[in-house]
Amino acid sequence: MSMYSFKEIETKWQEYWRAEEVFKADSSPDKPKYYLLEMFPYPSGKIHMGHVRNYTIGDVAARFKIMQGYNVLHPMGFDAFGQPAENAAIKNRTKPDIWTAKCIEEMKQELKKMGFSYDWGRELATCDSSYYHWNQWIFLKMLERGIAYKKSSLVNWCPACQTTLANEEVVEGGCWRCHTTVEQKELEQWYLKITEYKERLLEDLGQLKNWPERVIAMQKNWIGKSQGVEIYFKVKDSLVTIPVFTTRVDTIFGATYVVLAPEHPLVKELISGTSQQQEALAFIEKTARARKSAQAEPTKEGVFTGRYCINPVNKETIPIWIADYVLMEYGTGAIMAVPTHDQRDFLFASEHGMPMRIVIRVSECQSVRVSEELAEAYEGDGVQVNSGQFNGLPNQEAKIKIGEWMEKTGIGKIQTHWRLRDWLISRQRYWGTPIPVVYCPDCGVVPVSCQDLPVRLPADAPFTGEGGSPLGKVKEFVETQCPKCQGPARRETDTMATFVDSSWYFLRFCSPRYTDGPFAKDEVKYWMPVDQYIGGIEHAILHLLYSRFYTKFLKDLGLLNFDEPFNKLLTQGMVLKDGEVMSKSKGNIVDPDAIIQKYGADTLRLFILFAAPPETELEWDERGIEGAFKFLNRVWRIRDNLQDKADPAVYKKLHKTIKKVTEDLEAFKFNTAIASMMELVNVIYQSGADKQVYETLILLLCPIAGHFAEELWQALGNSGSACKARWPIFDPDLVADEVVTIVIQVNGKVRAKLEVSADINDADLKALALADEKVASWVKGSPPKSVIVVPRKLVNIVI
RNA sequence: GGGCAAGUGGUGGAAUGGCAUACACGACAGACUUAAAAUCUGUUGGCAGCAAUGUCGUGAGGGUUCAACUCCCUCCUUGCCCACCA
């Protein structure tokens with residue numbers, strides 16, 4: 001009787017898989033392909049439970065597909081540029097490249113200890129010049145087509161660190177590193193014109209039938225298409241016109257004032273010379289300061305400009321205000337205020353004593369007549385009142401009619417506004433892809449030519465943590481020749497945001513060593529799109545949106561022949577401890593490596609799959625992991641008591657288990673797949689198993705507990721790798737029951753059960769049910785009102 | 001404020017119109033053992049009952065149905081995402 005010595009077994013098989021290149025993928029046109037991808041990690045040096053869960057889910061799916069005969073591509077790499085390497089450089093005086101290489105090495109060792117089925121021959125790291133070369137190449141193509149461009153804009157700026165911050169790096173209005181209040185600063189920055197693709201990004205969401213609903217909803221929200229009307233308000237005694245955007249044109253007759261954002265370009269002109277000028281200027285100055293801190297609380301402050309404009313639908317003269325509840329970034333930066341039908345306008349109007357007029361009522365005879373009776377704005381649907389020729393129309397209908405009428409008369413224009421902004425990719429940082437552009441005093445902004453790529457990061461730079469980009473201080477990097485006139489020029493010292501790196505890595509995996517372009521077209525044609533993508537919900541918007549954008553751009557370049565990169569998407573839930581997310585700051589981290597040491601990788605994999613379905617949160621439970629370990633040991637010991645020929649009932653259970661496990665793995669229902677295998681093991685402990693039953697069980701376990709299965713597969717005298725064996729097929733005859741249990745209900749309550757032949761007809765079943773003595777005692781001779789018979793399941797007698 | 005998801009035994013969870021609580025953890029009991037651990041075998045939703053059995057029970061309330069954890073409506077709670085977005 002041997003022990004289940006997981007340490008030896010796991011090392012042995014990991015070495016075997018490596019030496020035999022078991023998981024090496026090659027494109028082969030005669031086999032169905034399956035590209036399984038998990039979101040690649042930032043190489044922090046240690047894997048955490050989130051990684052373990054993400055990659056275990058993917059690994060089981062990959063191994064299952066291999067056994068089913070698919071040609072599987074399952075690669076792994078590292079999203080290796082980014083802030084932490086630079087922070088480490090500042091803190092420990094290490095070089096970012098050396099620090100990152102060390103982290104990758106350590107992380108790879110941990111991933112290997114989990115026994116994941118990666119084709120390590122395809123490993124890539126985004127910080128390799130052979131990778132970021134093509135980042136730069138794609139950027140140049142975007143520049144050529146006007147998709148990459150430079151403009152001046154407000155960005156988050158930490159005055160202490162002297163650097164810009166991404167929105168994600170602003171925590172409660174302060175710098176995530178030093179907590180200094182973040183300011184808004186005007187800077188020239190590089191952008192990618194993702195807005196050029198907004199229509200397609202929105203529309204093609206419809207193609208993503210196998211994406212979670214909520215991810216689709218989040219992307220829709222983020223793109224933020226809203227249809228409305230731009231209305232022109234003429235300023236009284238002036239040639240100026242104020243365009244206003246609204247999605248509620250049906251409320252236009254209730255507009256009692258107009259509001260501009262304090263930064264609106266027309267504001268200065270409007271207030272000049274009015275009695276309100278000083279007050280207005282002071283207000284603008286004050287809000288500008290308040291708005292500098294990124295997360296200012298909403299307020300309802302504002303000031304009258306001293307000017308009036310004309311409501312074009314009823315020629316009413318209404319005042320123009322400036323208020324900080326209007327945002328310059330959305331719409332036209334100006335709104336028409338309808339206090340009766342917009343809650344924000346209502347609050348502002350109440351505060352400042354502005355008039356209100358109801359223009360939509362639930363019904364025409366509704367008794368509320370004067371606006372003073374309103375406690376809040378009515379934002380729902382109803383019938384138009386006080387609305388000129390549109391009175392009496394349902395407001396949804398009026399919305400369309402008024403829009404059309406405005407177009408015809410030139411009062412306004414039907415328009416669509418979007419929330420999506422262009423993507424700011426400039427970072428004043430060292431550890432990222434250099435933006436391949438040169439500034440020449442004579443020729444201006446000149447792209448580096450494709451032949452001269454990659455623009456390499458200098459090996460060293462001064463990392464002080466203050467005073468802007470370290471790259472700017474590396475003379476050999478900055479000083480260069482203009483590609484156009486050969487005169488002296490300066491290189492761009494900004495680098496690209498790391499989200500750029502991860503926006504196309506799934507394409508690079510198809511031909512990671514290709515040198516003539518970002519990827520080999522035929523390899524991409526064979527492998528793409530990704531059949532199954534797996535990762536955290538935190539990437540539901542940014543990474544997935546950027547990857548979709550890149551795919552569409554590369555399609556337009558003629559390099560791809562599909563619109564969407566990821567066919568199916570699974571977002572796995574988080575791993576919790578004591579009801580909270582595992583995090584360093586909470587100090588509730590469970591180190592996967594410690595669990596591997598104590599129980600082995602197969603036990604860890606089994607537990608993490610068994611404890612919860614993949615999409616829901618998973619509560620870490622040390623006792624649960626012992627249960628998983630006990631189960632593997634229980635399976636291990638079956639080998640000591642194999643019979644010559646197992647009981648037919650065991651075979652029946654076996655084939656039912658094959659069916660259930662196959663269906664469940666297909667649907668990523670790992671927890672119930674494992675439960676059904678546990679049931680089979682319980683039956684085996686009752687009735688015994690033979691070699692064939694045992695071998696089949698081992699194969700069913702193989703995708704989940706790979707090392708364990710290999711060892712037993714070999715011990716049973718098989719040659720070759722279990723994970724290359726054919727996936728078991730169930731016998732339909734053995735799965736079908738010849739006797740079924742029928743539930744007999746009286747008035748919907750279970751009163752009896754009958755064992756009957758599976759092919760009994762409904763009439764016989766009904767007769768049998770009525771004849772049952774327990775049933776008779778409930779029916780008590782009264783004739784049943786009706787009897788419902790569900791074949792093979794139940795009979796319900798209604799009395 | 002808007003959107004989405006979830007709410008089931010002591011615990012993780014199963015059942016997506018047809019036996020509520022599969023499987024596991026924990027707990028309790030028995031076997032083995034000098035003893036413990038490990039292992040194996042049972043029992044394990046509440047209430048009433050010696051028992052057979054009855055009855056209640058899936059966040060709350062209503063509805064549809066012969067039948068509802070499941071579908072519909074209203075509400076509560078929790079989590080996530082977005083948010084002065086006009």
Side-chain angles (χ1 to χ4, degrees), chain A residues 212-222 224-226 228-229 244-249 251 255 259 261 296-301 323-327 329-338 341-345 347-348 379 417-420 537-538 540-541 571 573-574 576 579 581 606-607 610-613 615-628 630-631 633-634 637 660 669 671-682 685-686 741-753 774 784-799:
Chain A
E213 280 287 337
R214 65 172 176 151
V215 175
I216 304 261
M218 282 159 90
Q219 292 224 351
K220 253 189 203 155
N221 238 320
W222 186 264
K225 182 180 186 174
S226 62
V229 180
V244 147
F245 178 72
T246 181
T247 54
R248 289 297 305 273
V249 73
T251 64
V259 192
E297 280 295 303
T299 63
K300 282 283 171 277
E301 287 179 35
D324 60 0
Y325 80 100
V326 176
L327 304 176
E329 310 86 75
Y330 188 79
T332 60
I335 63 156
M336 62 173 206
V338 185
H341 303 291
D342 182 291
Q343 185 59 18
R344 291 157 302 174
D345 296 341
L347 290 174
F348 187 83
E379 296 183 335
H417 278 270
W418 303 76
R419 213 192 73 100
L420 185 69
I537 187 74
E538 66 273 20
I541 298 171
T571 49
M574 290 196 265
L576 310 180
V581 178
L606 184 75
F607 166 72
F610 181 60
E615 303 211 59
T616 61
E617 290 173 336
L618 183 150
E619 177 67 32
W620 183 262
D621 179 6
E622 189 74 23
R623 286 182 303 224
I625 199 139
E626 271 174 43
K630 247 160 53 176
F631 173 68
N633 277 288
R634 212 163 135 85
R637 281 190 302 267
K660 175 81 176 145
K669 289 157 93 177
N671 53 338
T672 48
I674 293 166
S676 73
M677 287 189 264
M678 288 174 167
E679 282 183 50
L680 174 62
V681 169
N682 289 343
Y685 266 75
Q686 294 286 329
T741 305
I742 305 289
V743 171
I744 314 297
Q745 295 180 333
V746 178
N747 284 344
K749 290 202 190 301
V750 180
R751 295 302 180 193
K753 288 176 188 183
K774 272 191 209 143
K785 240 182 246 167
S786 78
V787 178
I788 286 118
V789 179
V790 182
R792 301 168 64 90
K793 278 208 172 125
L794 123 169
V795 176
N796 189 10
I797 299 157
V798 188
I799 53 170

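Every chain is numbered from 1 and lettered A, B, ... according to where its sequence line falls, protein lines coming before strand lines.
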Student: Strictly distance-based, threshold 3.5 Å: is any side-chain N or O of A/Glu379 a donor or acceptor partner for the main-chain N or O of A/Gln343?
Tutor: yes
Student: Nucleotides 80-83 of chain B: which of its N/O atoms have a protein N/O under 3.5 Å away?
Tutor:
{"from": "B/A83", "atom 1": "OP1", "to": "A/Arg419", "atom 2": "NH1", "distance (Å)": "3.4"}

Student: Mind checking if A/Val790 touches a base, just sugar-phosphate, or nothing, with heavy atoms under 4.0 Å?
Tutor: base
Student: Taking any heavy-atom pair under 4.0 Å as a contact, classify A/Arg751: base, sugar-phosphate, or nothing.
Tutor: sugar-phosphate
Student: Please list, chain by chain and in numerical order, all residues satisfying side-chain hydrogen bond (donor to acceptor under 3.5 Å, both in side chains) with A/Arg248, sequence neighbours excluded.
Tutor: A/Asp250
Student: What does A/Tyr685 touch in the nucleic acid at a heavy-atom separation under 4.0 angstrom: a base, only the sugar-phosphate, or nothing?
Tutor: sugar-phosphate
Student: Determine whether A/Phe631 and A/Leu606 make a side-chain contact, defined as any pair of heavy atoms from C-beta on separated by less than 4.5 Å.
Tutor: yes
Student: Using the salt bridge (Lys or Arg N to Asp or Glu O under 4.0 Å) criterion, which residues pair with A/Glu679? Sequence neighbours excluded.
Tutor: A/Lys653
Student: Who are the ring pair (Phe, Tyr, Trp, His ring centres under 6.0 Å) partners of A/Trp620, not counting sequence neighbours?
Tutor: A/Phe607
Student: For nucleotides 27-33 of chain B, just jot down a letter per nucleotide in 5' to 3' order: B, S or -, based on protein non-hydrogen atoms under 4.0 Å.
Tutor: -------
Student: Quick one: salt bridge (Lys or Arg N to Asp or Glu O under 4.0 Å) partners of A/Glu617, sequence neighbours excluded?
Tutor: none
Student: Rounded to the nearest 0.5 Å, what separates atom OH in A/Tyr685 from atom CG in A/Leu680?
Tutor: 12.0 Å
Student: Restricting to non-hydrogen atoms, name the atom on A/Thr571 and the atom on A/Pro212 that form the minimum distance, rounded to 0.1 Å.
Tutor: OG1-CG, 4.0 Å
Student: Counting primed atoms plus P, OP1 and OP2 as sugar-phosphate and everything else as base, spell out the protein contacts along nucleotides 62-76 of chain B at 4.0 Å heavy-atom distance: B, S or - for each nucleotide, 5' to 3'.
Tutor: ----BS---------
Student: With Watson-Crick and G-U wobble geometry limited to distances under 3.5 Å, how should the secondary structure of RNA chain B be encoded in dot-bracket form, using | for bases paired to another strand and [ ] for crossing pairs?
Tutor: (((((((..(((.....[....)))((((((.......))))))((((....))))..(((((..]....))))))))))))....
Student: A cation-pi test, strictly: NZ or CZ of A/Arg419 under 6.0 Å from the centre of the six-membered ring of A/Tyr330 and no more than 45 degrees from its axis. Yes or no?
Tutor: no
Student: Which nucleotide in the set B/G54, B/G13, B/C19 lies at the smallest distance from any side-chain heavy atom of A/Asn671?
Tutor: B/G13
Student: Kindly write out the residues that satisfy side-chain hydrogen bond (donor to acceptor under 3.5 Å, both in side chains) with A/Gln745, not counting sequence neighbours, or none if the list is empty.
Tutor: none
Student: Between CE of A/Met678 and NZ of A/Lys630, what distance do you get to the nearest 0.5 Å?
Tutor: 10.5 Å
Student: Any side-chain N or O of A/Arg637 under 4.0 Å from OP1/OP2 of B/C40?
Tutor: yes
Student: Can you sort out the partners of A/Lys660 under salt bridge (Lys or Arg N to Asp or Glu O under 4.0 Å), two or more places apart, ordered by chain and number?
Tutor: A/Asp664
Student: Partners of A/Arg344 by side-chain hydrogen bond (donor to acceptor under 3.5 Å, both in side chains), sequence neighbours excluded?
Tutor: A/Asp342
Student: Among B/G18, B/U41, B/C40, which nucleotide sits nearest the side chain of A/Lys793?
Tutor: B/G18
Student: When syn is taken as a glycosidic angle within 90 degrees of 0, is B/G9 syn or anti?
Tutor: syn
Student: Please enumerate all protein N or O atoms sitting under 3.5 Å from an N or O of nucleotides 23-26 of chain B, with distances to 0.1 Å.
Tutor:
{"from": "B/A24", "atom 1": "OP1", "to": "A/Asn682", "atom 2": "ND2", "distance (Å)": "3.2"}

Student: With a non-hydrogen cut-off below 4.0 angstrom, is A/Glu379 in contact with a base, only sugar-phosphate, or nothing?
Tutor: nothing
Student: Name the one of A/Ile797, A/Val798, A/Asn796 that satisfies side-chain contact (heavy atoms from CB on, under 4.5 Å) with A/Asn747?
Tutor: A/Val798
Student: In terms of side-chain heavy atoms of A/Thr672, which of B/A22, B/A86, B/U41 is nearest?
Tutor: B/A22
